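Presented below is the structure to which this report refers.
We're numbering straight along the sequence, starting at 1. Note that the coordinates shown come from a computational prediction; the quantities given were computed from them, not determined experimentally.
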Amino acid sequence: AGRTERGADGRMNLLKFLVINPADNVGVALRTIEKGETVEANGKFVTACEEIATGHKMAICPISAGECVTKYGYTIGSAKSDISAGSWVHTHNLKTNLNDKLAYRYEPALTPPTPLPPATFEGFLREDGRVGVRNELWILPTVGCVNSIARLIERKAQALVSGSIDGIYAFPHPYGCSQLGGDHLNTQKALAGLVRHPNAGGVLVLGLGCENNNLDAFKKVLGETNPNRVKFLVCQESDDEIADALSLLEQLASYAGSFKRQTCSAQELVIGLKCGGSDGLSGITANPLVGVFSDMLTAQGGSSILTEVPEMFGAETILMNRCRDEKTFQKTVALIDGFKDYFIRYHQTIYENPSPGNKAGGISTLEDKSLGCTQKGGSGTVVDVLSYGDPICEHGLNLLEAPGNDLVASTALAVSGAQIVLFTTGRGTPFGCPVPTVKIASNSALSRKKAGWIDFNAGQSIEGVPMDQLSKTFFDYVLRVASGERTVGEQHGMRDLAIFKDGVTL
């Protein structure tokens, strides 16, 4: 269904109601529909039995108790009771159909993109051939015990920001000691991924000395580094760790300052895809916009990474059938089943989702949420599946093991090599991860209200701006960010590091 219609005077009017797929038996209110108001749906007219808030669903035909409710052309649950046409459809009369683990079969449905000539941006070409979109100095603690020292060093080193150096940032976190097994390795892999990140022109790794993740142990995971780009300091071994750190940062600044922006191909971009605080419009505006972006980028030889595995549940078969081969399909099955086992291990309900904010915005079940969430991956072929902390190796659309938590998942995207994270939201959130985090509003009201949080308004797509036009504007904007234009979050210094934890703390 279209987003606009022409009135008798020939002017373009905004539609209030959208049926996404002809197979659907519910539609979505694009603006609040009053009780008694009549809207058009699939060539018929439906009168609202009650107020339908923006982003919420209304039945366009009678739905019997137990009958499947369909949105996006897929089932999002079943009716708890009889639902009449024009009724509000939400958690009070709709329940999930998801239950436990499933058996999957590979039924490929691939739509290879038509290759496009790559666009260009101004980036920093590193010695290893990768490209950064920022040229920053990073201070990475090996353990939470030195967080305050890292912050102090960050403040005292600001005078080194000059020339092509974009900034100096410390990334405190609570881990690096009193961890066992997989948690300890996750911390090491996450920090190693950030040490290697191309947005960092120089890195100071700051240790305490007695932690489990001491420098000798960490270096075994990190591997070989360029001594001009990466410096190490153990605070317990220094008489004055602040002075020593500033001296090392001066050396790093000298090295990083030798890099200048140069024209690079968009095929060098790795873009992370994430959503949070979603509402009923996220799957209609912001997520499809990011999906078009992902398709455009991968058609130019670039890469995107889709994560938040629990929010693939209910839509996972769509991704599985877009895997490029049986091997990738099996890796995707392991990804999904592994996260379900994680829930089961802690005796948690696998499908305990959506969040209160999601529900307030019109999302009723996990299927409803997931079918909107996975649209950020566009229609691209899944080329690889990454374990938490693993670096991206394949150009194209990748899936990444990480939870739905906004900070943890966004950090995971950066750790795996994303130079920018595209973050869609219907409710709004101010956080930023270690790399530029572009906030995309699903609706214009949020974009206006939270101009200090939001970078791009995808709500324009239901206000008369065609998606093909909006997606080109958005693609150009992301290229500008890659070339140095700062996001709102960057301007406000919003940067967070959150490492995935699972298990015992000693």
Salt bridge present between Glu490 and Arg495 (N-O < 4.0 angstrom): yes
Between the side chains of Asn287 and Thr424, is a donor N or O closer than 3.5 angstrom to an acceptor N or O? yes
Side chain to side chain donor-acceptor pair (under 3.5 Å) partner of Ser294, the single match among Ser303, Ser304, Ser379: Ser304
Can you establish whether the number of heavy atoms outside Tyr74 located under 6.0 Å from its atom OH is more than 12? no
Under a 3.5 Å cutoff, is there a donor and acceptor pairing between the side chains of Ser355 and Asn358? yes
Of all heavy-atom pairs between Ala458 and Ala286, which one has the smallest distance, and what is that distance? CB-CA, 3.5 Å
Would Ser282 and Asp279 satisfy side chain to side chain donor-acceptor pair (under 3.5 Å), going step by step from the backbone distance to the final call? CA-CA 5 Å; Ser282 293; Asp279 68 356; 3.1 Å; yes
Answer yes or no: does atom NZ of Lys501 have more than 12 heavy-atom neighbours from other residues, nucleotides or ligands under 6.0 Å? yes
For Asp325 and Thr328, what are the C-alpha separation, side-chain angles and deciding distance, and is it a side chain to side chain donor-acceptor pair (under 3.5 Å)? CA-CA 5 Å; Asp325 52 31; Thr328 309; 2.6 Å; yes
Taking NZ, NE, NH1 and NH2 as the nitrogens, is one of them in Glu311 or Lys376 under 4.0 Å from a carboxylate oxygen of the other? no
Taking it one step at a time, do Phe500 and Thr187 satisfy side-chain contact (heavy atoms from CB on, under 4.5 Å)? CA-CA 8 Å; Phe500 187 38; Thr187 296; over 6 Å; no
Please indicate whether Lys260 has more than 12 foreign heavy atoms, meaning atoms of other residues, nucleotides or ligands, lying under 6.0 Å from its NZ. yes
Of the options Phe293, Phe423, Phe474, which is the one that meets Ile440 in a side-chain contact (heavy atoms from CB on, under 4.5 Å)? Phe474
Just checking, Arg134 and Phe124: is the charged tip under 6.0 Å from the six-membered ring centre and within 45° of the axis? no
Going by the rule ring pair (Phe, Tyr, Trp, His ring centres under 6.0 Å), which residues pair with Phe339 if we only count those two or more places apart in sequence or in a different chain? Tyr342
What do the steps show when you test His197 against Trp138 for ring-ring contact (aromatic ring centres under 6.0 Å, His included), and what is the final call? CA-CA 10 Å; His197 201 285; Trp138 289 359; 5.6 Å; yes
Quick check with a 6.0 Å cut-off and a 45 degree axis cone: is Lys439 positioned over the face of Phe431's six-membered ring? yes
N-O pairing of Lys189 and Asp390 below 4.0 Å: yes
Are Asn213 and Gln188 linked by a side-chain donor-acceptor pair shorter than 3.5 Å? yes
Cation-aromatic face contact Lys219/Phe232, 6.0 Å, 45 degrees: yes
Check this for me: Glu107, atom CD, are more than 12 non-hydrogen atoms of other residues, nucleotides or ligands nearer than 6.0 Å? yes
Check this for me, if you would: do Arg261 and Asp166 make a salt bridge, where the nitrogen-to-carboxylate-oxygen distance has to be below 4.0 angstrom? yes
